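What follows is a short report on a single structure.
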Amino acid sequence: MAPAMDTILDMRDVIMGKDEAEAAVATKARKVDRDQRTTVGVPFVEEPRMICREVNVFYGDKHAINNVSIDVGKNEVLAMIGPSGCGKSTFLRCLNRMNDTVASCRVTGEILLDALNIYDKKVDVVPLRAQVGMVFQKPNPFPKSIFDNVAYGPKIHGLVNNKTELNDVVEDSLKKAGLWNEVSDRLDQPGTGLSGGQQQRLCIARAIAVRPEVILMDEPCSALDPIATATVEDLITELKEHYTIVIVTHNMQQAARVSQRTAYFHLGDLVEVGPTDRIFTNPRHQLTEDYITGRFG
Amino acid sequence: MPPLLLVSLVLALSTLAFWQGKRRAFALSTQASSVKMHSRPGYYGMLAALWCALPALTIVVVWQLAADSLLTRMAMDGVAAAKGALTPDQVNLLVNDMRNLVTGSVVDSQIDPLLQAAADRYSGMLRISHMALAVVALVTAAVGAYLVHARIKPSLRARNQVELVIEVILTLCSTFAVFITIGIVLSVLFESIRFFQQIPFFDFLFGLKWSPQMAIRADQAGSSGSFGAVPVLMGTFLISGIAMAIAVPFGLMSAIYLSEYAGPKFRATVKPLLEILAGVPTVVYGFFAALVVAPFIRDLGVMTGLSVSSESALAAGLVMGIMIIPFVSSLSDDVINAVPQAMRDGSYGLGATKSETIKLVILPAALPGIVGSILLAVSRAIGETMIVVMAAGLAANLTVNPLQAVTTVTVQIVTLLVGDQEFDSPKTLAAFALGMLLFVVTLALNVVALYVVRKYREEYE
Ligand SMILES: Nc1ncnc2c1ncn2[C@@H]1O[C@H](COP(=O)(O)OP(=O)(O)O)[C@@H](O)[C@H]1O
Ligand SMILES: [Mg+2]
């Protein structure tokens, strides 16, 4: 741990120094060339919750993520954007080891959650995934009642001792997910009977119910209509108070609305990271600019 | 003209009509570019072909069905009267003799001149009938094709008409199976009713003694002729129960292993191997049960001091259970695989382990399909005959002890119908009553299963 951390701190200084120098250059509109694939911007933060260092992901022989280093700060929303197939989902799924379910997938490098290396052999994925929850692209409520959907996590993790505690957790989670008012009178109805936006908020409630620290969201609104999307976005902004959120999105306005920092991925490389408003107003890498101005996507 | 040749001719005509119709429609569409043809040329050809073939073929079929009895009646006209008063059976006999004469397979050395005349008449009329049919059918085909051909113009809605005809044909095909089922049920029902005219319904349903031997002579001993279905039905349930107790756990667990744990290579080899089990002829299972399993169980009984009869429900049930494992495993494996990956991801994403995911998410979602596969297995078990004949015996003991010999409904049906039968004796008719009972039981099982599936179904889309 110690040597790795030292080099990380060194790197941070180096990069921050370089970054500032570059910032001066960049304002004079000279972009980093398309061929250069080292990360531009500041991938590190003062108060990190998750630390990723030199992460590489392979699917068999295919190199899907190439040497990515980035921090996820406490109580921030980090947005990950990039063209299709650039590895956003792959990287996101590394953060709670969902990639373990893909047989051909191999991950190297370090990913720390509060100083715990989650790829350590001794780490059990069960509590890890309870700490780092996940919401998927397509709402995937279980074919059970609304109540059972939310109660699923607390039950399997033994977070509650009796029925009243369980009821409280379910109610609390649904309230945090902004769904309580809509479903409180029909908790015994199937979760699959809700509308798409409600289903996605149910999935968020389901993730919240296991009291995670980090919530990973993989294009959570891509299957939703604009109104449902707005509701979910509001929810993300509220959840930021209590949770660290990493969100993958195709929708750049969405990234701009909900996130504090944005990371741009390109063909497995982390090309640029920075504060969201800076990325969208003044990208420093030519590829980032191409993407956000819609030259490819 | 023989009917087969006629049918081929009609089909050839209809093919011709297709090409001509298509040609004409195509010509029309290229010639007048201002008006657009309603359908593509192929549909006009198709319409012509259908109008050519369908009426003609219908005439052929109806004619053939009606002609035989009509011709026979006409040929035999007067023959029966000349023979004096005859019972219907004797008339049938005469008709058969006449037919034999027509086909030339004569058994009698002395040929009745009256019958010979009738046979000649029959042959002559048959020739005429075939000729007339050929003319009528071919003319119908030609007229049908011509009518459509002449009417081909841009406004003819050929596609809609062709599609309507095809829809009607599809509907007929799909109802065919239903009508056959109704026919089967009715034929069994009528014989059962005849049975219940002789044996009271409740004696059959609730009687505790099954001994279908009827006394032929009044002084015959040992033939009580009691038709209580309970022991037989009990035997069926006992053996099926044992079989399901084997097949459901083994089948379900192998399905879970194959779909959730096994690697793709293992799965690709083991699944077909398991399915081979279903393809082994049941007689072979019967050997296995009678020669290996039953003696083994008896020896085991001797060692543990239990009394086991040499033919036991246990042996038959065990082997039957092995036989139906693949029904449960293969179908359950398919439905488990059909549960979307998103369900698994959702569960793993919440930190559930594999076994929790299977138990709490996958199996509930797959439940309707699993119940379906079990139901299929149950009906296989209830209907299975060969294994039981060979391994469980014929003795209709009323017992729930799996170590004793029992018999089942299907086995009794077979034994009742093997050999010479008189269709007015309750002994023979009892087979139909048993068949009816079996049908009702399986129907009830299906209804219950459907209800269960509806009630506990967890929709995942
Ligand atoms: N299960 C998998 N097996 C093999 N290759 C995969 C798998 N999942 C993703 N990939 C590949 O990894 C790359 C990144 O995919 P992904 O992370 O899904 O991209 P994104 O989410 O940015 O669209 C793609 O080239 C994709 O083809
Ligand atoms: Mg993706």
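Computed from a prediction, not measured in an experiment: that's the story for all the values here. Every chain is numbered from 1 and lettered A, B, ... according to where its sequence line falls, protein lines coming before strand lines.
Within 6.0 Å of CD on B:Gln341 lie more than 12 heavy atoms contributed by other residues, nucleotides or ligands. Taking a 6.0 Å sphere around CZ of B:Arg40, one finds it holds 12 or fewer heavy atoms contributed by other residues, nucleotides or ligands. Remark: B:Leu172 CG is packed, more than 12 non-hydrogen atoms of other residues, nucleotides or ligands lying under 6.0 Å away. Within 6.0 Å of atom OH in A:Tyr59, more than 12 heavy atoms from other residues, nucleotides or ligands are found, so the atom counts as buried in its surroundings.
Between B:Ala342 and A:Asn140 the shortest heavy-atom distance is O-ND2, 2.7 Å. Residues B:Met343 and A:Pro143 come closest through the heavy atom pair SD-CD, 3.6 Å.
Interface remark: of the candidates A:Gln131, A:Arg206, A:Met134, A:Arg206 forms the most heavy-atom pairs closer than 4.5 Å to chain B. Among A:Thr101, A:Asp100, A:Val126, A:Val125, the residue making the largest number of heavy-atom pairs under 4.5 Å with chain B is A:Val126.
You'll find the side chain of B:Val361 reaches within 4.5 Å of the side chain of A:Tyr152, heavy atoms only. In this structure the side chain of B:Asp345 reaches within 4.5 angstrom of the side chain of A:Arg93, judged on heavy atoms.
With rounding to the nearest 0.5 angstrom, the OG1 atom of B:Thr353 is 9.5 Å from the CG atom of A:Asp124.
When atom types are taken as modelled, the side chain of A:His157 and the backbone of B:Leu350 share a donor-acceptor pair closer than 3.5 angstrom.
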